[in-house]
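Here is how names work: the chains are called A, B, and so on, in the same order as the sequence lines, proteins then strands, and each is numbered from 1. Note that this is a predicted model, so its numbers are computed, not measured.
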Amino acid sequence: MDLLAIFHRLLAEFGPQGWWPLTAHSGSNPTKRGSHSGYHPGDYSFPKTQEEQFEIAVGAVLTQNTAWTNVEMALRNLADAKALHNPKSLLNLPKDQLQKAIRPAGYFNQKSEYLHALATFFTTCNEPPTRQKLLDVRGIGEETADAILLYAFSVPTFVIDAYTKRFLLHRGILSGNEPYKIVQQLFHDSLPHNTVLFQEFHALLVELGKRYYSKKPYGDHIDWDKKDGENYRFG
DNA sequence: AACCAGGACGTGA
DNA sequence: TCACGTCATGGT
């Protein structure tokens, strides 16, 4: 079973996920499905504004090794402090207030520095940045860089997270802890480079991970041999 | 009351 | 390169 077949199976099982979730303040019109209010399943027209692009990038940093529910609180605090509209608004927020706002997301000492670096970068960022430029920003590693590219700038780059590695390892597609780039190439080599496909697939893998690959013993309840009609077409 | 969460970075080998 | 410790809060 190849990766594309796995994608279709997950999509049939869970349905469209509607990533990346956005808070309501940014003027979007999110539907109220999924476990949080900011998701917009089936609507791939996001982000619509630079505000939303920036919010996605901020969320990508805040969610590092952190539950999204915690990130939501931090994002709400930032929005209330009017520091989430654009890079400058965040840079205008005093450091202690920034740390207070993002405290629910954990690692507030590190992440306040990361967000400062991110906002500084975004003030001098003309549309899709290169991956390397993002990696040069303090606090942005490979996964966060790819998440920003894929969800904020609609660049078809696959995001590899811990859940994805666990799943692939459990299914024998990975043998050990292969480096990030190797795992990513697996997806890039066997899938059409389509932004919506990459967004959905990664989101579906996270949903799968949350349900079945969180605590040991790992293992899902998916019937991987079941065939679904090719109802969805991407790429 | 441990354990986990949509990682990144610094360090030493 | 690479394995390992550190960073922090909130939910289960």
Pick the P atom in dG5(C) and in dC4(B), then give their distance to the nearest Å. 15 Å

So, Glu55(A) versus Thr23(A): side-chain donor-acceptor pair below 3.5 Å or not? yes

Is NZ or CZ of Arg103(A) both nearer than 6.0 Å to the six-membered ring centre of Phe108(A) and within 45° of the ring axis? yes

So if I take residues 160-174 of chain A and measure heavy-atom distances to DNA chain B, which residues fall below 4.0 Å? Ala162(A), Tyr163(A), Arg166(A)

dA5(B), OP1 or OP2 - any side-chain N/O from Thr69(A) closer than 4.0 Å? no

Donor + acceptor pair across side chains of Asn109(A), Glu113(A) (<3.5 Å): no

Going by heavy atoms in the side chains, are Leu186(A) and Phe158(A) under 4.5 Å from each other? no

Given atom CD of Glu142(A) and atom C1' of dC9(B), what is their separation to the nearest angstrom? 13 Å

Establish, from distance only, whether the side-chain atoms of Asp146(A) and Gln184(A) form a donor-acceptor pair under 3.5 Å. yes

Going 5' to 3' along DNA chain C, which are the first and last nucleotides with any atom under 4.0 Å from a heavy atom of chain A? dA3(C) to dG10(C)

Using whole Å, what does the distance between atom C1' of nucleotide dA8(B) and atom CZ of Arg131(A) come to? 14 Å

Rounded to the nearest angstrom, tell me the gap between atom CD in Gln64(A) and atom P in dC9(B). 8 Å

Rounded to whole angstroms, how far apart are CZ on Phe108(A) and C1' on dA8(B)? 17 Å

Between Thr144(A) and dA8(B), is there a contact of a side-chain N or O with OP1 or OP2 at under 4.0 Å? yes

Step through the shown structure and confirm whether more than 12 heavy atoms of other residues, nucleotides or ligands are within 6.0 Å of CD on Gln50(A). no

Pick base, sugar-phosphate or nothing for Asn177(A), based on heavy-atom distances below 4.0 Å to the nucleic acid. sugar-phosphate

May I ask you to check whether Glu200(A) and Tyr44(A) show a side-chain donor-acceptor distance below 3.5 Å? yes

Take the protein atom CG of Leu135(A) and the nucleotide atom C1' of dG7(B), then report the distance between them rounded to whole Å. 13 Å

Rounded to the nearest 0.5 angstrom, the CG-CG distance for Leu205(A) and Asp161(A) is 7.0 Å

Please report, rounded to the nearest Å, how far the C1' atom of dA5(B) is from the OH atom of Tyr107(A). 8 Å

To the nearest angstrom, how far is Arg138(A) atom CZ from dA8(B) atom P? 13 Å

Report yes or no: is the cationic atom of Lys48(A) (NZ for Lys, CZ for Arg) closer than 6.0 Å to the six-membered ring centre of Phe46(A), at no more than 45° off its axis? yes

On DNA chain B, check which nucleotide each of Lys215(A) and Glu143(A) is closest to and give me the residue with the more 5' one. Lys215(A)

Using the P atom on both, measure dG10(B) against dA8(C) and round to a whole Å. 14 Å

Just call it for Gly106(A): base, sugar-phosphate, or nothing, with non-hydrogen atoms closer than 4.0 Å on any strand. base

When we call it a touch if two heavy atoms are under 4.0 Å apart, what does Ile140(A) touch: a base, just sugar-phosphate, or nothing? sugar-phosphate

Please report the interatomic distance CD(Gln99(A)) to CG(Leu115(A)), rounded to the nearest 0.5 Å. 10.5 Å

Atom CD of Glu72(A) and atom P of dA5(B): how far apart are they, to the nearest Å? 18 Å

